[in-house]
Amino acid sequence: MTPSLLRIPSVLEEVAAACVFVADQAQAAGLDATACHHCYLATDEACTNIVEHGYGQSCPEGFIELICAVEGDQFIITIIDDSPAFDPLGVPDPDVKAPLAQREPGGWGIFFIKKLMDRVDYIHDGASNRLMMSKGISTHHNGGEPPAEARLQPIRLQELRPKTVLIAPSGKLDSVQSRELAVVFGQVFADGNRWLLLDLAEVDYISSAGFKTLVSAWQRRARPKVISFSSRSLGAFGKSWR
């Protein structure tokens, strides 16, 4: 497999394109649907971190370069940027046992990446940050359908009684969908609602961006109550929510 390269500006609106590119390359390398999906999610986490923390929010002048290659039995994603040097692997894992309202917002992205990928490495070559994420091909060999392309999913909003609202997102709470959910939260709070019920039964996955959106809502005055939670959305991270 010839290495493939994609270069995007460092803006959140371009992250989804990077994720789809990586998932397509993972499928071409022979990874199964689950492994392709993991590569997609890890790319979402890594690129979102670069945009938000490396460059400091969207920075069209900055860049993110992604190189997908096969070396032996490994599918390797290399993500390069020239924001200030920072080794994410040096960040301690977040406390997954802390009460939700007391959890720190940082460190979840790289924590999720390490759970999703077989190996994660970082170097700074003197000019650029390089994050390398690997998946073993023989242990995750193609046997299923390719992952579906990411798109915004509807967020259902229902007033149950005065000052009480039900919010039911669906699909993946990735970097794109989380921003939409944050807008919905803001509208609900601005309308003076005091009780917020979350139905997450149709959520397949919660990224670190989604996690921060939910924690932020929890820490605001409405104190949302989760009434339905899909085990699919927890995946390998179930313990971090309990």
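All residue numbers in this chain count up from 1 along the given sequence. All values derive from a computational prediction rather than experimental measurement.
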Closer than 3.5 angstrom, by distance alone: can the side chain of Ser134 be matched with the main-chain N or O of Ile76 as a donor-acceptor pair? no

Please assess Thr48 against Asp174 for the test side-chain contact (heavy atoms from CB on, under 4.5 Å), listing each intermediate value before the final yes or no. CA-CA 9 Å; Thr48 299; Asp174 56 13; over 6 Å; no

In terms of the angle between their ring planes, are Phe111 and Trp108 parallel, tilted or perpendicular, with boundaries placed at 30° and 60°? perpendicular

Does any non-hydrogen side-chain atom of His38 lie less than 4.5 Å from one of Met133? no

Reported CG-to-CD1 distance for the pair Leu197 and Ile167, which is rounded to 0.5 angstrom: 9.5 Å

Set out, in order, the CA-CA distance, both residues' side-chain angles and the distance that settles side-chain contact (heavy atoms from CB on, under 4.5 Å) for Val20 and Tyr40, then state yes or no. CA-CA 7 Å; Val20 171; Tyr40 177 103; 4.1 Å; yes

Spell out, as yes or no, whether a donor-acceptor pair under 3.5 Å connects the side chain of Lys135 to the backbone of Leu116. yes

CZ-CG distance between Phe75 and Asp118, expressed to the nearest 0.5 angstrom: 12.0 Å

Between Asp82 and Tyr55, is there a side-chain donor-acceptor contact under 3.5 Å, judged purely by atom types and distance? yes

Which of Asp81, Asp121, Asp125 passes side chain to side chain donor-acceptor pair (under 3.5 Å) with Arg130? Answer is Asp125

Please check this pair: side chain of Ser170 against backbone of Pro154, looking for a donor-acceptor N/O pair closer than 3.5 Å. yes

Is any side-chain heavy atom of Ser207 closer than 4.5 Å to a side-chain heavy atom of Leu41? no

Can you give me the closest heavy-atom contact between Ala18 and Leu66, atom names plus distance? CB-CD1, 3.8 Å

Keeping Thr43 on the side-chain end and Cys19 on the backbone end, is there a donor-acceptor pair under 3.5 Å? no

What are the two closest heavy atoms between Pro84 and Asn129, and how far apart are they? O-ND2, 3.3 Å

Side-chain donor/acceptor of Asp199 to backbone N/O of Leu166, under 3.5 Å: no

Show, in sequence, the C-alpha distance, side-chain angles and deciding distance for Asp44 and Lys172, and conclude whether the salt bridge (charged side-chain N to carboxylate O under 4.0 Å, His left out) test is met. CA-CA 11 Å; Asp44 179 66; Lys172 300 174 181 63; over 6 Å; no

Give the intermediate values and the outcome of side-chain contact (heavy atoms from CB on, under 4.5 Å) for residues Leu6 and Gln25. CA-CA 11 Å; Leu6 175 70; Gln25 295 302 313; over 6 Å; no

Could you state the interatomic distance from CE (Met132) to CD1 (Ile77), rounded to the nearest 0.5 Å? 12.0 Å

Calculate, to the nearest 0.5 Å, the distance between atoms CD and CG belonging to Gln27 and Asp24 respectively. 6.5 Å

Is there a side-chain contact (heavy atoms from CB on, under 4.5 Å) between Leu5 and Glu65? Walk through the geometry before answering. CA-CA 7 Å; Leu5 182 148; Glu65 190 169 275; 3.7 Å; yes

Should Cys39 and Met117 count as side-chain neighbours, where that means a heavy-atom distance under 4.5 Å? yes

Is any side-chain heavy atom of Glu14 less than 4.5 Å from a side-chain heavy atom of Ile64? no

Leu89-Ile113 co-clustered via ILVMFWY side chain contacts under 4.5 Å: yes

Rounded to the nearest 0.5 Å, how far apart are CD1 of Ile67 and CD1 of Ile80? 4.0 Å

What heavy-atom pair brings Val165 and Leu157 nearest, and what distance separates the two atoms? CG1-CD1, 3.3 Å

Side-chain contact, heavy-atom cut-off 4.5 Å: Leu173 with Thr213? no

Roughly how far apart are Leu31 CG and Thr139 OG1, rounded to 0.5 Å? 8.5 Å

Search all heavy atoms of Leu196 against all heavy atoms of Phe185 and return the closest pair with its distance. CD2-CE2, 3.4 Å

